[in-house]
Amino acid sequence: MKFIKQFSQKAILAATFALSTSVMAEQALDLDSLLKTLEQGQAAQSQQNRAREAEFTAKQDQQIAMLNALTQKRNGELARSERLETQFEENEIKLQNLTDTLSKRMGSLKELFGVLQQVAGDSSTKFQTSVVSAQIPGRSDFMDEMAKKMGSTSRLASIEDIEKVWYELQREMTEQGKVARFTTEVIVAGGEKASKEVVRVGAFNLISDGKYLSYNPVTNTLSELTRQPVSRFTETAAKLQSANNGVVDFALDPTGGSILGLLVQAPNTEEQVHQGGAVGYVILGVGVLALLIALERFISLFIMGAKINRQLKDTTARDDNPLGRVMKVKDQYPDVAYDTLELKLSEAILREMPKITRNLTLIKIISVVAPLLGLLGTVTGMINTFQAITLFGTGDPKLMAGGISQALVTTVLGLVVAIPTVFLYTILNTRSRNLLLILQEQSAGIIAERSEKGA
C-alpha cells in the first residue's frame, strides 16, 4: 500500500510539470503574434498619416483661394455700406428740406388739418356709440379713415372730404332732434332675430312693440332688453309707437341708456318680497290669515246686523239672529220677577257674545306680532351683514346688500301687515260692540217693561 501511494504522488507531479510546460509554450506563441500585429499596425498608421498629410497639402492652396475671395467680398460690402450711409444722409437732408418746404406752403392749412383730424377722431367715437348709427350705419368708418389720413403727412384731405365731415356732423345734430321710424332686425327674447319697426327718439332711446331696445355698437345690432322697466314707462313707449302725430308723453332717458339700465336692475315688488327670506314669508302668511279672518268677520257681522235690524222691525222673536234669541227669553219666562229676568237676559247676551266677537282677538294679536316679526328679520339681516363684513371686509358693498335688504324688507313687511290689520280690528271691534249694544239696549227695554208690569 505504501508503494502504491508513493507511485501515485510521483505520477501527479509529472502530469503537473507537463501541463505547465504546455501553457508556457502557448504564452510564448501569443506574445510573438501580438508583437507582430503591433508592427503591422504601426506600419498601416504611418501610411494613413502620410496619406492625410498629402491630402491636406493638396487642399491648402484651395483654402487660400477661398479666403482671398471672401476677403474681397467683405471689402466690397464695406464699400457698399459706406455708399448707402452717404446716400441715407443725403436723403435725410433732402427730406428735411422738402418737409420744411411743405410746411411753409401749407401755412394755415396745417392748423386746419390738425383740427380736422381731432374732430374726425372725436366724431368717430360719438358716432359709434350713438343710437342714430342703428339707422345710419357706417359713419364711424369714414371718420376713422379721415382721422388716419390727417395723421399722415403724405396725404391731404380734399374739399369733398372736408364737406363730408361737415355733412355727417350736421346730419347727427339734425337726427338728434327727430323721432324717426325704420325697419330692421331686432333680437327678441330667446335669441331669435325678427324684422320689426323701430322708433328712434333722437339720440336717446329705441323702442319696438312697446319695449325698450338696447344698441350694441360693436356688432351694430338691436336687442330687446331682457328685463323691461315698470309698466308706467313701457306704457309711454307703446303710446309713442302707436301715435302718428301730435304730442305724446314719453319716458326719455337723456343719458342714452345708463339710467334705463339702472332702472331695469332695480328689484320689483315680488323680488323685494323674496329678499325678506323666511321671516318675510312668515309675515306674509300671518297677514293673509288676518285678512281671511277679517273678511269672514265682515261678512258674518254684516249678515248678523241685517238680521238684527230686521228683528227690530218685527215684534215676533226669531231664532236666526242674536236679538231674536234674546227676546225669546222673555217669552220663556213670562211670570218671573224683573230681577230674575234681568239675569236670564244677561245670560242670553253672554251666550251670544262669543259668536259676535269670534276671532277678533286673533286679529289683534297678528297686528302686534307682525311688527315683532319684522324686527326679528331686521336683527337677522344685520347679523348676516356683520358676518359678511367679518369675512370679506367692507371693500365690496354687494356682499352686504343681501343682509341689509333682508333687514329693511322684513321691517317694511311687518308694518305693511300690522297697519291695515289694526284698522281692520278697530272696524270689526266697533261693529261687534254696536251689535252687543243693541242687544243690551233691547234687554234693558224688556226689563223695564217687566218692571212696569210688576209695579
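Positions are given from 1 along the sequence.
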Pairwise distance [atom1]([X]) to [atom2]([Y]) - rounded to 0.5 angstrom:
| X | Y | atom1 | atom2 | value |
| --- | --- | --- | --- | --- |
| L436 | I356 | CG | CD1 | 4.0 Å |
| S208 | R181 | OG | CZ | 10.5 Å |
| I419 | L424 | CD1 | CG | 12.0 Å |
| E168 | E163 | CD | CD | 13.0 Å |
| Q128 | D141 | CD | CG | 8.5 Å |
| I365 | N359 | CD1 | CG | 10.5 Å |

Within-4.5 Å side-chain heavy-atom neighbours: [X] and [Y]:
| X | Y | answer |
| --- | --- | --- |
| Y425 | I366 | no |
| L360 | S432 | yes |
| K193 | V186 | no |
| V165 | D161 | no |
| I207 | V198 | no |
| E172 | V132 | yes |
| N205 | F250 | yes |
| L376 | T410 | no |

Which residue pairs satisfy the side chain to side chain donor-acceptor pair (under 3.5 Å) criterion with at least one member in [range], sequence neighbours excluded?
| range | result |
| --- | --- |
| residues 72-88 | none |
| residues 241-250 | none |
| residues 346-358 | E296-R358, R325-E352, E347-R351 |

Within the distance-only criterion (no hydrogens, no angle test), does the side chain of [X] pair as donor or acceptor with the backbone N or O of [Y] below 3.5 angstrom?
| X | Y | value |
| --- | --- | --- |
| S195 | E185 | no |
| D209 | K211 | no |
| S133 | T129 | no |
| S367 | K364 | yes |

Using a strict 4.0 Å threshold on nitrogen-to-oxygen distance, state whether [X] and [Y] make a salt bridge.
| X | Y | value |
| --- | --- | --- |
| K196 | E224 | yes |
| D314 | R318 | yes |
| R310 | D320 | yes |
| E160 | K164 | no |

I'd like to know whether [atom1] of [X] has more than 12 heavy-atom contacts from other residues, nucleotides or ligands below 6.0 angstrom.
| X | atom1 | value |
| --- | --- | --- |
| F182 | CZ | yes |
| F423 | CZ | no |
| I159 | CD1 | no |

Heavy-atom closest contact ([X] atom, [Y] atom, distance):
| X | Y | answer |
| --- | --- | --- |
| Q228 | T234 | CB-CG2, 4.0 Å |
| S214 | L225 | CB-CD2, 3.7 Å |
| N321 | G324 | OD1-N, 2.5 Å |
| V188 | A194 | CG1-CB, 4.4 Å |
| N220 | P137 | ND2-CB, 3.5 Å |
| S443 | I349 | CB-CD1, 3.7 Å |

Would you say Y212 and D253 are linked by a side-chain donor-acceptor pair, where the criterion is simply a distance under 3.5 Å? no

Less than 3.5 Å apart, any donor N or O on the side chain of S124 or S140 sitting next to an acceptor on the other? no

For N429, check side-chain hydrogen bond (donor to acceptor under 3.5 Å, both in side chains) against everything at least two apart and list the hits. none

Go through V286 and V369 one step at a time and tell me if the side chain to side chain contact (heavy atoms under 4.5 Å, CB included) criterion holds. CA-CA 9 Å; V286 296; V369 170; 5.8 Å; no

Could you go through the side chain to side chain contact (heavy atoms under 4.5 Å, CB included) check for L373 and V417 one step at a time? CA-CA 10 Å; L373 289 174; V417 171; over 6 Å; no

Please determine whether side chain to side chain contact (heavy atoms under 4.5 Å, CB included) holds for the pair L312 and N309, giving the CA-CA distance in whole Å, both sets of side-chain angles, and the decisive distance to 0.1 Å. CA-CA 5 Å; L312 289 174; N309 291 331; 4.1 Å; yes

Start with the C-alpha distance between S130 and K126, add both sets of side-chain angles, then the distance that settles side chain to side chain contact (heavy atoms under 4.5 Å, CB included), and finish with yes or no. CA-CA 6 Å; S130 176; K126 293 180 180 179; 5.9 Å; no

Taking side-chain contact (heavy atoms from CB on, under 4.5 Å) as the definition, give me every residue that meets it alongside A444, ordered by chain and number, with sequence neighbours left out. none

Taken in chain and number order and not counting sequence neighbours, the residues that satisfy side-chain contact (heavy atoms from CB on, under 4.5 Å) with Q170 are M173, T174

